[in-house]
Structures are given as C-alpha cells and as structure tokens.
Amino acid sequence: MAERRSSLHATDKLAFLLSLVPYLIDRGRVGVAEAAEHFGVTVADIRRAVELIAVSGIPGETSQYQHGDLFDIAWDDFEQNDVIVLTNMVAIDESPRFSAREAAALIAGLQYLSSLPENADRGAIASLMSKLARGASSEPSQVAVDQRDTDDLLSLVSLAVSQGRQLEFDYSGVRGVVERRRVDPLRVESADADWYLRGYDHLREALRTFRLDRIARPAITDAPIAYRAADVVLPDMLFEGSPDDETVTIDIDAAAAALLADYAPDEIEPLDDGRCRMRVRVGQFGTVARLVAGLPGDPIVIAPDAARAAVSDWAARAVALYEQAPPDDSP
C-alpha cells in the first residue's frame with residue numbers, strides 16, 4: 001500500500017507539533033504507526049516531527065543548550081521498534097500541577113459524579129481521573145466516596161437508565177402513607193446526608209422528588225421510559241413549591257440559613273445578633289418538626305400557630321418516648 005503524502009502546511013505543522021507533545025506525554029509509550037493514525041498524517045510526518053522535538057528545548061542560564069535543556073527520546077525503541085517514548089521533557093514539567101491532596105479531592109468528586117445515572121459516559125470520567133492522578137505533583141491518596149446505604153438503589157437506577165426502563169417502588173410519603181410508584185428516573189442528587197431521586201411520576205403525572213431512604217422494594221419494569229433527562233427541564237432547586245404549600249416563618253442563625261435555601265424562595269430577612277428570618281414553604285405542618293430537628297443554628301418556628309403546635313407536639317412525643325426507654329446499663 002502506498003504511503004499517504006504529507007498534506008501539512010506551515011500552520012498545520014505548528015499546530016501538529018503543539019498537539020503531538022502533550023499526546024506523547026499522555027500516552028507514555030506509543031507506536032509510530034498508531035500516532036500517525038491518530039493525527040491522520042503519514043508515518044514519515046511522525047518520524048520527522050519526533051526528530052524535530054528531540055532537538056528542541058529551552059537554553060539554560062548561559063543561553064546555550066545543554067543536554068538537560070532539550071527533549072529526549074528512547075532512541076533504541078524509536079529506531080529499532082518504531083516506538084516513541086519521551087525520556088526528558090523541558091519546561092512542560094515546570095508547569096503548575098495539582099497537589100496530591102487537590103487531585104485526591106477532584107478524583108473523589110468525579111467518583112461521585114460517575115455514580116449518578118445521568119452521567120452515562122463513565123469511560124470519559126475514568127480517563128479524566130487517571131490523568132489527574134498522573135498529573136499531580138505526587139501520587140494522590142486512594143479515596144472513595146462512601147455510598148454504602150444507597151449503592152444498591154443507585155446501581156438499580158443506573159441500570160434502569162441504561163436499559164431505558166421505568167422504575168417501580170413503594171414510597172412512604174410525609175404522611176406515612178405507602179404508595180406504589182412508577183417513575184422515569186432522571187437524576188440522583190444529594191442534600192447534606194440525604195439522597196434524592198428526581199423523576200417523572202406516572203401516578204402523579206408530574207415531576208417529583210423522592211428520598212432514597214423512603215423507597216422500598218424497588219424493581220425495574222418492562223415498560224420503556226417515557227421521559228429522559230434531555231426531554232424535561234429540571235429546576236435548579238431540589239424542591240419546588242406547589243399552590244397547596246403552607247408558609248412557615250422560621251428564625252435561624254444566619255450561618256445555617258443556606259441549609260434551608262431550597263425551601264425558601266423568598267428573600268432572607270436579617271435580624272439582630274447574627275440571626276435571620278426565613279419564610280419556608282412546606283407540604284404540611286407535620287413536616288416542619290422533622291425539618292428543623294436536623295438543623296443547626298437554633299431554629300425557632302415563629303408562625304403560624306399550627307406549625308408551632310406541630311413542632312411542640314412532636315417534641316413532647318419524643319421526650320415521652322425517651323422517658324419510657326429502659327435505662328442504659330452499659331459502662
């Protein structure tokens with residue numbers, strides 16, 4: 001087979017050389033023919049470019065080139081095996097790099113993203129994690145995102161998305177009523193320690209948000225998904241209000257106000273002594289107690305009276321259960 005003629009013009013050659021060096025660094029060891037196929041050029045083009053790279057560099061303090069000031073390759077591999085391996089890199093190694101801790105934090109974030117069902121291209125994420133590990137100033141610590149409580153359900157959601165099938169599960173709502181739901185899974189998100197599934201609920205015929213710890217007996221159905229993430233507009237806020245929502249006024253420390261941001265569509269009113277006032281929309285007053293019980297910042301329900309009564313009743317029942325519990329004899 002006749003070899004392709006080089007069609008590289010001067011500007012193309014410069015762009016080609018600028019692309020070839022990072023490519024060789026990223027691959028570590030690559031065949032001449034493979035590199036030619038990757039860039040769509042001839043083997044002769046690759047050979048000439050590598051030979052040019054090997055006599056390129058940055059002069060030292062004396063303005064003269066020393067051996068360490070030039071790129072270098074493994075010549076035996078290049079000439080005998082048609083394999084390119086850079087053995088000395090100039091200036092590129094001096095570019096800013098992530099520290100091992102920074103790279104580990106980014107890798108942990110990518111591990112979290114790869115677990116979400118809407119991120120179907122996990123191969124690209126895995127490749128990026130590998131590049132971050134190689135490009136760090138030192139080897140990053142081995143990290144993993146702990147998802148033991150939700151791993152099985154997340155895997156099932158991912159499988160449903162990949163197969164284009166609806167999910168069916170028992171869901172315990174805020175009123176404690178358990179209903180069998182059939183959902184097109186769209187996105188999994190976390191808020192603090194809780195995980196949520198956002199999807200199109202065929203029972204309600206609308207977008208809904210489900211807490212994963214309230215889901216039981218999940219199963220993939222034979223019904224195809226009617227809506228995918230690209231077919232609907234998911235709001236940025238995790239929780240959306242409805243016309244039937246109740247408004248509750250809560251005073252809380254300003255530093256903790258961000259934890260209620262998804263519930264509070266109105267502006268936050270600053271108060272004295274680092275406190276602020278928020279008007280939170282909830283489905284019913286019974287959910288207010290559970291909402292504020294897990295919050296820092298000394299939340300106080302101000303209004304309406306029905307919400308205050310619901311919180312007071314919840315606290316009284318919790319105290320009664322505590323007093324009825326058997327004493328703990330452990331040391």
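Only heavy atoms go into these numbers, but all of them, side chains included; no hydrogens, no water, no symmetry mates.
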Side-chain ion pair, R275 and D273, N-O less than 4.0 Å:
no
Under-4.0 Å salt bridge between D77 and R29
yes
Work out which heavy atom in P218 is nearest to a heavy atom in L156; give both atom names and the distance.
CB-CD2, 3.6 Å
R27 vs E34, salt bridge (charged side-chain N to carboxylate O under 4.0 Å, His left out): CA-CA, chis, key distance, verdict
CA-CA 11 Å; R27 298 299 298 271; E34 181 183 349; 2.4 Å; yes
Within the structure provided, determine whether R279 and E269 are in side-chain contact (heavy-atom separation under 4.5 Å).
yes
Co-members of [X] in a cluster of I, L, V, M, F, W and Y side chains, linked at under 4.5 Å:
{"X": "V85", "answer": "V83"}
{"X": "V319", "answer": "none"}
{"X": "I300", "answer": "I302"}

Side-chain donor or acceptor of [X] paired with backbone N/O of [Y] under 3.5 Å:
{"X": "R165", "Y": "A160", "answer": "no"}
{"X": "D184", "Y": "Y227", "answer": "yes"}
{"X": "Q166", "Y": "P224", "answer": "yes"}

Decide whether a cation-pi geometry holds between R187 and Y196; the criteria are a distance under 6.0 Å from NZ or CZ to the six-membered ring centre and an angle within 45° of the ring axis.
no
What pairs meet the side chain to side chain donor-acceptor pair (under 3.5 Å) rule with one or both residues in residues 296-310, with sequence neighbours excluded?
none
Listing request: all side chain to side chain donor-acceptor pair (under 3.5 Å) pairs with a residue in residues 310-320, at least two apart in sequence or in separate chains.
D313-R317
With L203 via side chain to side chain contact (heavy atoms under 4.5 Å, CB included) - residues at least two apart:
E179, R181, D201
